[in-house]
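Computation of the quantities below employed the complete heavy-atom set of this structure, encompassing side-chain atoms and omitting hydrogens, waters and symmetry-equivalent molecules. Letters go in sequence order (proteins before strands), and every chain restarts at 1.
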Amino acid sequence: MFEITEAPLDPARLVAAVRRDESGAVALFYGVVRNENLGRSVQYLEYDAYPEMAIKKMREVADEVRAKFEITDIGVMHRTGRLEIGETSLLVAVSSAHRAAAFDACHHAVDRIKQIVPIWKKEVWDNGEAWIEGHVPGTG
Amino acid sequence: MFEITEAPLDPARLVAAVRRDESGAVALFYGVVRNENLGRSVQYLEYDAYPEMAIKKMREVADEVRAKFEITDIGVMHRTGRLEIGETSLLVAVSSAHRAAAFDACHHAVDRIKQIVPIWKKEVWDNGEAWIEGHVPGTG
Amino acid sequence: MSIDVRLFAGLYQLVGKREVRLELPDGASVDALREELARVYPRVRAFLPTLVCAVDEEYVTSDYVLHAGHRVALIPPVSGGAHV
Amino acid sequence: MSIDVRLFAGLYQLVGKREVRLELPDGASVDALREELARVYPRVRAFLPTLVCAVDEEYVTSDYVLHAGHRVALIPPVSGGAHV
């Protein structure tokens, strides 16, 4: 399951989608809007995405993770639009027979998503705003 | 939040309990009943616990994890009684400012819970059953 | 002294009780308590080597000296969580 | 040839449009496209070095040759997920 949506993310739906009867472990990662970044007090975030390509790149990350770790399934959801402090922007769920693979694969997936999936966030403070420039995605 | 309960576990309640406004990441681990173990087809599991001591040992694991990793909070829930394939027996949630600490702390907590928290599972197959002997908890 | 001992998991199933009261001499150790349990319930003897004792919700060693009023439990090897 | 270019995030905010149509000679490269964008919208020039081009939802290099019909987007440095 790979989704880009303006609606609040539903972790239960994602976990149900990745769990198999042979899965003994599910690792679920929440990326959450926090109230501070680099010393600046954050009011809220705004996310923009290139949805068609973001879904394609999420699938690419999933394929990479499946090749590298022994997992039963992986799913990713990312929210767009305005998000308040404490709201969830990113969910990554990995199911696996054993816990180590679930943790490692989920961590790796989060790292790769932040590197290659075309999604952007704008920080809004009380006295200004800025689009955050993260990774320049490679062409390889 | 540390709980032992016969009721189905509620991950949303646990995540809400550990999240802080300064948390940018939550790692949530689900231990799930799977349909097979060591080549035997599992019908269902039954969990027993020493609840007062299990809660005490969960808190001990949490203190250990807090001392070792930079996290904002940790919570653990374990279910007891009869659990069917696909049901969740264990939830461990860790919130943190940054993702690496959340993943590492959550993984470490799951390892330690399995070593020292007085909880036991019985596997039931179509032709028998056995209490699973895992770790002999140390006295140190 | 009388010591009430809580039992769990396979040990509970073997003995058929959640708690047993054992009579022990004052100053008896955890080892003596295990021996007394096996004397009263011979079918648990095979399991004795793997049983750890908890006193007041803390794991203790075999030479730990018990007192009346201690909350005592015998803990088989633990196996919480999933098969992962 | 006419190429429609999709814009996102800071680049969208700077240009004020989700998509711009650029006129380019046949066989123009991604570099030429970026130059043309900066000619029409001079305020994007400072951002050119960090923009990666995507063609048909795949990242391409600066010398990639564009064709009419390509789905083209300019991608600022990505920053999905949380600050973690």
Side-chain angles (χ1 to χ4, degrees), chain A residues 4 29-38 40 42 45-61 76 78-80 83 85-92 109-123 129-140, chain D residues 3-22 28-34 37 41 43-67 69-84:
Chain A
I4 304 278
F29 176 83
Y30 296 67
V32 180
V33 179
R34 62 188 175 101
N35 59 7
E36 183 270 336
N37 188 40
L38 303 174
R40 289 171 304 206
V42 173
L45 296 183
E46 213 174 295
Y47 283 90
D48 193 16
Y50 179 2
E52 305 92 315
M53 183 168 172
I55 295 287
K56 189 182 169 194
K57 288 290 158 186
M58 285 176 180
R59 289 186 190 281
E60 209 173 293
V61 168
V76 181
H78 205 299
R79 194 168 161 196
T80 56
L83 272 78
I85 307 300
E87 289 196 290
T88 299
S89 54
L90 170 64
L91 288 175
V92 179
V110 174
D111 288 350
R112 292 293 289 150
I113 286 164
K114 295 170 79 79
Q115 287 168 5
I116 70 168
V117 175
I119 299 178
W120 303 268
K121 64 169 156 285
K122 182 169 73 173
E123 267 182 34
E129 57 173 55
W131 286 95
I132 304 304
E133 306 218 324
H135 293 260
V136 176
T139 49
Chain D
I3 299 274
D4 293 327
V5 184
R6 292 177 71 173
L7 309 176
F8 300 97
L11 195 59
Y12 154 60
Q13 209 168 316
L14 214 54
V15 171
K17 295 178 190 173
R18 275 290 178 196
E19 193 170 84
V20 295
R21 175 162 294 184
L22 297 178
S29 70
V30 164
D31 260 338
L33 171 119
R34 283 195 288 213
L37 183 76
Y41 302 95
R43 60 190 170 283
V44 309
R45 184 165 295 278
F47 293 85
L48 289 194
T50 64
L51 295 178
V52 173
C53 186
V55 171
D56 295 347
E57 284 108 47
E58 199 49 70
Y59 298 116
V60 297
T61 52
S62 296
D63 57 355
Y64 187 90
V65 173
L66 299 167
H67 292 288
H70 272 155
R71 293 186 303 282
V72 176
L74 285 170
I75 310 286
V78 303
S79 55
H83 289 299
V84 291

**Student:** Taking A:Trp120 for its side chain and D:Phe8 for its backbone only, find out whether a donor-acceptor pair lies under 3.5 Å.
**Tutor:**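 Here the side-chain-to-backbone pair does not exist.
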
**Student:** Would you say D:Phe47 has more than 12 foreign heavy atoms packed within less than 6.0 Å of its CZ?
**Tutor:** no

**Student:** May I ask you to test the A:Val136-D:Val52 pair for a side-chain heavy-atom distance under 4.5 Å?
**Tutor:** yes

**Student:** Heavy-atom distances under 4.5 Å only: say whether A:Lys122 touches chain D with side chain, backbone, both or neither.
**Tutor:**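 Side chain of A:Lys122 only, per the 4.5 Å heavy-atom cut-off to chain D.
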
**Student:** Out of A:Leu45, A:Leu38, A:Ile116, A:Val92, which one racks up the most heavy-atom pairs below 4.5 Å with chain D?
**Tutor:** A:Ile116

**Student:** Of the non-hydrogen atoms in D:Gly81 and A:His78, which two are nearest, and what is the gap between them?
**Tutor:** N-NE2, 2.8 Å

**Student:** When you look at D:Arg6 and A:Met53, which way does the side-chain contact (heavy atoms from CB on, under 4.5 Å) test go after all the steps?
**Tutor:** CA-CA 12 Å; D:Arg6 292 177 71 173; A:Met53 183 168 172; over 6 Å; no

**Student:** Using non-hydrogen atoms only, which part of A:Glu129 is less than 4.5 Å away from chain D: side chain, backbone, both, or neither?
**Tutor:** side chain

**Student:** Taking side chain as everything from C-beta outward and backbone as N, CA, C, O, which of these in A:Ala130 sits under 4.5 Å from a heavy atom of chain D? Side chain, backbone, both or neither.
**Tutor:** neither

**Student:** Working to the nearest 0.5 angstrom, can you tell me the gap between A:His135 NE2 and D:Thr50 OG1?
**Tutor:** 14.0 Å

**Student:** Measuring heavy-atom distances to chain A, does D:Gln13 have an atom under 4.5 Å in its side chain, in its backbone, in both, or in neither?
**Tutor:** side chain

**Student:** Between A:Pro118 and D:Val78, which heavy-atom pair has the shortest distance, and what is it?
**Tutor:** CA-CG1, 3.7 Å

**Student:** Could you look at A:Glu46 and say if it's the side chain, the backbone, both or neither that has a heavy atom under 4.5 Å from chain D?
**Tutor:** neither

**Student:** Measure A:Leu90 against the heavy atoms of chain D and call it side chain, backbone, both or neither at under 4.5 Å.
**Tutor:** side chain

**Student:** With heavy-atom distances below 4.5 Å as the criterion, would you say the side chains of D:Glu58 and A:Lys56 are in contact?
**Tutor:** yes

**Student:** Do A:Tyr47 side-chain atoms and D:Ser79 backbone N/O form a donor-acceptor pair below 3.5 Å?
**Tutor:** no

**Student:** Give a yes or no on whether a salt bridge exists between D:Arg18 and A:Asp48, defined as a side-chain N under 4.0 angstrom from a carboxylate O.
**Tutor:** yes

